[in-house]
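For reference, the structure discussed in these notes is given below.
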Number of protein chains: 2
Amino acid sequence: MPTPSRTSLDAITAAGGDILDTRGLPGLTMQAVAQAVGVKPPSLYKHVADRDALVGLVADAAATDLATHLARRGGVAGLAGRGELAGLARSLRAWATAHPERFRLVFSGHGSPEVAAAAGAPLLKAARDLVGPADKLSAARLLTAWATGFISMELAGAFQLGGNVDAAFEYGIGRLTAALHEG
Amino acid sequence: MPTPSRTSLDAITAAGGDILDTRGLPGLTMQAVAQAVGVKPPSLYKHVADRDALVGLVADAAATDLATHLARRGGVAGLAGRGELAGLARSLRAWATAHPERFRLVFSGHGSPEVAAAAGAPLLKAARDLVGPADKLSAARLLTAWATGFISMELAGAFQLGGNVDAAFEYGIGRLTAALHEG
DNA sequence: ACCTGAACACCGTTCAAGT
DNA sequence: ACCTGAACACCGTTCAAGT
């Protein structure tokens, strides 16, 4: 007699995201997720291959959330060129500050490359407006690498030497957008 | 009757580094390290508080290794200003490529902030030569954030969109050093 | 067709007992 | 003073048995 699923991939993914936020990646265990969706751990294997696959699902969901966050911000501002890139960088940092564990997971390589690439689309578009199609990929990578590196170091507590971290972020935005604008 | 230690912190740290290289951070277990130094797992707790502390030791050893690698390269080249920063960035990437797991660990926040800061000293010096003392901290952070972000994405396989990754790295060096030089 | 209990291998950690 | 065996809690995963 076929029994309807007592849980679902969506429920599992959502519960995984909540657990990631509150207990970090080490706390994202099969047991914790199973309990959150009201099922015993072995049942999860009917929906997911193993823990790695579950972590990948949570990573992809976070990347998609980030993508819509970036796309919305870009649309609202409607600025072209230099200001658009700056806005995207600030928007990325704001999202990372609100969801530090999700940010770390998105850029850790646990998700699918396709989903991660989709999240970078707004950046690619803004980069093309600034430097033209020939250099847009390199320019987008320059800004993405800097922003994710800066935010990762900030989240890891690597900015112990003092100084204003907000100011350092704005300094980077200013120098980078100026450097790209000239090219 | 006092018994001389059958192992040591140095041996434990060195074995931890080897295991990290070959089996990654998940493979860096108390059991694996104990076996490598010829001891049973409970004995490690006479030398180390817990696994987190052991991981921290390995991270600090890696950061120190990176620091000497960067300092040596800087000394050999002997270039001032713009070329020095570019050389340091390439040197960082070369070290990361040779020891990807150690690189990831160094910038993951598991080590002590003091040791990590010491590794950044050559960069701080090169930045001061280029932009002056007022902006040296922001400038060093700009280059460090970009380089670590770029390399992290490269190691995570985030550069799926094609294009020449080496060329993108050189593009970043060129734009960044130019932007800092003008300031 | 999905869920469960029981089981196994593995891991971190504690502690009393050895030398 | 350091090392060990035994033990405990926890985790991922498999599988036969339930409904």
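Just so you know, these numbers come straight off a predicted model, no measurement behind them. Just so we're on the same page: letters track the sequence lines, and every chain starts at 1.
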* Looking only at side-chain N and O atoms, does Ser43(A) come under 4.0 Å of OP1 or OP2 in dC2(C)? -> no

* Is any side-chain N or O of Arg6(A) closer than 4.0 Å to OP1 or OP2 of dC2(C)? -> no

* Arg51(A) side chain, from C-beta outward: closest of dG12(C), dT13(D), dC3(C) -> dT13(D)

* Asked: How many Å lie between NZ on Lys46(B) and P on dT14(C), as a whole number?
  -> 11 Å

* Can you check the Met30(B) CE to dT14(C) C1' distance for me, whole Å? -> 12 Å

* Structure fact -> Here the distance between atom P of dG12(C) and atom CD of Gln35(B), to the nearest Å, is 13 Å

* Asked: For the pair made of NE2 in His47(A) and P in dA1(C), what is the distance, rounded to whole Å?
  -> 13 Å

* Asked: Once you round it to whole Å, what is the distance between P of dC11(C) and CG of Leu44(B)?
  -> 13 Å

* Structure fact -> side chain to side chain contact (heavy atoms under 4.5 Å, CB included) filter on Ala147(A), not counting sequence neighbours, yields Leu92(A)

* Asked: Quick one: does Leu176(B)'s side chain get under 4.5 Å of Leu142(A)'s, heavy atoms only?
  -> yes

* Intra- and interstrand pairs of DNA chain D - dot-bracket, Watson-Crick/G-U under 3.5 Å, | marks other strand -> ||.|||||...|||||.||

* Asked: Once you round it to whole Å, what is the distance between C1' of dA16(D) and OH of Tyr45(A)?
  -> 17 Å

* **d(CD, Gln31(B); P, dG5(D)) in whole Å** => 13 Å

* Side chain of Pro42(A) (C-beta onward), nearest among dT4(C), dG12(D), dA6(D) -> dT4(C)

* Asked: Any side-chain heavy-atom pair from His181(A) and Thr177(A) closer than 4.5 angstrom?
  -> no

* Structure fact -> Ranking dG12(C), dC3(D), dG5(D) by distance to the side chain of Lys40(B), first place goes to dG5(D)

* Asked: Does Arg90(A) come within less than 4.0 Å of Glu170(A), counting only side-chain N to carboxylate O?
  -> yes

* Closest to the Asp50(B) side chain: dC2(D), dT13(C), dT13(D)? -> dT13(C)

* Structure fact -> Side-chain contact check for Thr7(A): nearest option of dC3(C), dG12(C), dT4(D) is dC3(C)

* Is Ile151(A) reachable from Leu88(A) through a run of I, L, V, M, F, W or Y residues, each pair having side-chain heavy atoms under 4.5 Å apart? -> yes

* Val39(A) side chain, from C-beta outward: closest of dA6(D), dC11(C), dC3(C) -> dC3(C)

* How close or far is atom C1' of dC11(C) from atom CG of Leu25(B), stated in whole angstroms? -> 14 Å

* Asked: Leu105(B) versus His99(B): any side-chain heavy-atom pair under 4.5 Å?
  -> no

* Stepwise, does the side chain to side chain contact (heavy atoms under 4.5 Å, CB included) test hold for Thr97(A) with Leu155(A)? -> CA-CA 8 Å; Thr97(A) 304; Leu155(A) 293 179; 5.7 Å; no

